[in-house]
Every structure is written in structure tokens, then in C-alpha cells.
Amino acid sequence: MGKFHDTILEPHKAFIEKQKMFFVSTAPLNEDGHINLSPKGMDSFRVLSDNKVAYMDIVGSGNETSAHILENGRITFMFCAFDGPPNILRLYGKGYSILPMHDGWEELSGSFDIQMATRQIIVADIFKVQTSCGFSVPLYEYTGERDHAQKWAEKKGIEGLETYKKEKNRVSLDGLPTAMY
């Protein structure tokens, strides 16, 4: 049976910090719009307080999370125990993007190992935490991070990354503007 909390408790924070992967989900308001669900890794998630989290977002083929939270703020994170005792933890919140030119970037970026391919930091104010059993989550062994994003960014270079973001990351699949618009 799931348990709900209004804040991120210390055991929740400890569980989050042990996970090598998490998932982020957002959706547009339009019922015909595309729901987005993305896996994330790279030690990119931080618990900033008992009601605030952030993750370092890397350039990708789309920027759905940014578009959806700009439109409506809704964001959900999920962490699963792939080793040790079974557990699932979800964080429900209202999110927003912080870009390198925004107020708050300097302070937030110091919490991360900023990569060449970092395009923004997604911040969320958390209003509900849910834990559930995780009995059906399979066991997996973590063997390391992929280096593809970093190699791809190095090959593109700074100017190439900026061009790519302008071409691929300013509008969502559903035509919604992102924070980069």
C-alpha cells in the first residue's frame, strides 16, 4: 500500500541519492498532446530542500519537459530500487527551467558537475511524495554511465550545440514553446 507525505523526508532523500537512474514525466494540457516520460542518469538529480529538487538536463532530440512545465508546471519524478530492498518513490511537483542566462543559474549550477551538453536545470517545488512497494521491479546490476552524450557534445562543439538547440529544442512535438524559445 502506498504512503503519502507532504515533504521529502530524510529516508526519502537517502533513497534518492543511492539511485543511479530516475524517470521524469510531464504532459501538455491538450488531451491529444504527447505525454513525455524520460529516463535520466549521470548523477544529475539533487534534493535541495524538503520541498525542492533539481536536475541537470542534457541536450537531447527534444525538449518536452521544458515545454510542458512552461505551459502548466506539472512534473512527476519516479525512482525505483533496482537493487536492495524493493521500493518506488514518486515526487509530484510544479517545475520550471533555469537557463544559463537566468537568475539563479550560478547558485544552482554549483550543485552539479556541469557538462558541455547541459542545456538547463529543471527545478521543481514538491507538494507530494509517494512511496510504494516496488515488489514487481526487477533486480538490475549497475555497470556504469554511458559516455555518448559527452562525446556527441564534444564532436558538435559549442557553436554546433547552440545551433542544434535552436533547431531541435525550442518547440515541443505538439508545437508548444520551451523555455529556450
Side-chain angles (χ1 to χ4, degrees), residues 16 19-48 52-80 82 90-127 140 142-181:
I16 289 168
Q19 304 315 305
K20 303 295 186 190
M21 180 172 62
F22 66 96
F23 301 86
V24 59
S25 184
T26 58
L29 292 176
N30 183 328
E31 67 181 30
D32 294 325
H34 294 81
I35 296 169
N36 186 58
L37 175 62
S38 297
K40 305 291 182 185
M42 297 177 57
D43 186 32
S44 61
F45 195 90
R46 299 291 182 271
V47 175
L48 303 175
K52 189 179 289 282
V53 299
Y55 78 90
M56 176 180 65
D57 186 54
I58 301 298
V59 174
S61 57
N63 198 4
E64 303 305 297
T65 301
S66 178
H68 296 161
I69 61 176
L70 184 62
E71 181 193 41
N72 61 57
R74 298 178 305 166
I75 190 164
T76 301
F77 301 97
M78 185 176 76
F79 299 83
C80 300
F82 293 110
R90 291 179 182 88
L91 303 173
Y92 300 93
K94 292 288 186 177
Y96 53 95
S97 299
I98 300 288
L99 299 173
M101 73 287 288
H102 289 166
D103 289 342
W105 175 265
E106 287 303 317
E107 180 182 348
L108 272 174
S109 64
S111 298
F112 300 94
D113 179 16
I114 297 297
Q115 307 291 308
M116 178 184 255
T118 301
R119 72 177 154 199
Q120 62 201 336
I121 296 173
I122 303 291
V123 180
D125 296 315
I126 302 303
F127 58 83
Y140 282 98
Y142 176 75
T143 61
E145 297 287 342
R146 297 177 192 264
D147 62 359
H148 294 74
Q150 186 62 28
K151 287 181 177 178
W152 175 82
E154 290 169 359
K155 186 175 178 181
K156 283 268 184 210
I158 299 295
E159 287 181 27
L161 283 170
E162 291 305 313
T163 299
Y164 185 87
K165 288 188 284 190
K166 286 177 184 170
E167 292 173 0
K168 306 280 187 180
N169 291 171
R170 292 178 50 158
V171 179
S172 76
L173 292 171
D174 300 312
L176 296 172
T178 72
M180 303 179 119
Y181 195 80

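Computed from heavy atoms alone, side chains included, the values below leave out hydrogens, waters and symmetry copies. Position 1 is the first residue of the sequence, and the numbers go up from there.
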| request: Test I126 against V53 for side-chain contact (heavy atoms from CB on, under 4.5 Å), laying out the working first. | output: CA-CA 7 Å; I126 302 303; V53 299; 3.9 Å; yes
| task | Could you walk me through whether Y181 and N63 pass the side-chain contact (heavy atoms from CB on, under 4.5 Å) test, one step at a time? | result | CA-CA 11 Å; Y181 195 80; N63 198 4; over 6 Å; no
Enumerate, atom names and distances included, each donor-acceptor pair closer than 3.5 Å involving a side-chain atom of residues 150-162, sequence neighbours excluded.
from, atom 1, to, atom 2, distance (Å)
Q150, NE2, E154, OE2, 3.1
K151, NZ, D147, OD2, 3.1
E162, OE2, K165, NZ, 2.9

Please table the atom pairs, donor to acceptor, closer than 3.5 Å between any side-chain atom in residues 97-104 and protein atoms at least two apart or in another chain.
from, atom 1, to, atom 2, distance (Å)
S97, OG, S66, OG, 3.4
S97, OG, Q120, OE1, 3.3
H102, ND1, L99, N, 3.0

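For the pair L91/I16, a side-chain contact is recorded, criterion being any heavy-atom separation below 4.5 Å from C-beta on. Contact of the V24 side chain with the T76 side chain is not registered, since no non-hydrogen atoms from C-beta on lie closer than 4.5 Å. N169 is listed as a side-chain neighbour of V59, based on a closest heavy-atom distance under 4.5 Å.
Applying the ring pair (Phe, Tyr, Trp, His ring centres under 6.0 Å) test to Y92 and every residue at least two apart in sequence or in another chain returns nothing. For Y142, the ring pair (Phe, Tyr, Trp, His ring centres under 6.0 Å) criterion is met by no residue, not counting sequence neighbours. Every residue was checked against the salt bridge (Lys or Arg N to Asp or Glu O under 4.0 Å) condition with D174, not counting sequence neighbours, and none meets it.
Note that OH of Y164 and CZ of R119 are 8.5 Å apart. Values are rounded to the nearest 0.5 Å. How far CE of M56 is from CD1 of I121: 8.0 Å, rounded to the nearest 0.5 Å. Here the CD1-OG distance, from I75 to S25, works out to 8.5 Å after rounding to the nearest 0.5 Å. To the nearest 0.5 Å, atom CZ of residue R146 and atom CE of residue M42 are 12.5 Å apart. Atom CG of residue D113 and atom OG1 of residue T118 lie 8.0 Å apart, to the nearest 0.5 angstrom. How far CD1 of I69 is from OG1 of T178: 10.0 Å, rounded to the nearest 0.5 Å.
F45 and Y55 have parallel rings, their planes meeting at less than 30° on a 0 to 90° scale where 60° marks the start of perpendicular.
Listed here is the closest heavy atom pair of A27 and N72: O-ND2, 2.9 Å. The shortest heavy-atom contact between L108 and A54 is CD2-CB, 4.4 Å. Across all their heavy atoms, S44 and G41 have their closest contact at OG-O, 2.6 Å.
Identified under the salt bridge (Lys or Arg N to Asp or Glu O under 4.0 Å) test for residues 20-41, with sequence neighbours left out: K40-D57.
In the displayed structure, K52 atom NZ is contacted under 6.0 Å by more than 12 heavy atoms of other residues, nucleotides or ligands. The 12-atom threshold is exceeded at CZ of F127, counting heavy atoms of other residues, nucleotides or ligands nearer than 6.0 Å.
With R74 contributing its side chain and P28 its backbone, the two residues share a donor-acceptor pair below 3.5 Å. With hydrogens and angles disregarded, a donor-acceptor distance shorter than 3.5 Å links the side chain of E64 to the backbone of L173.
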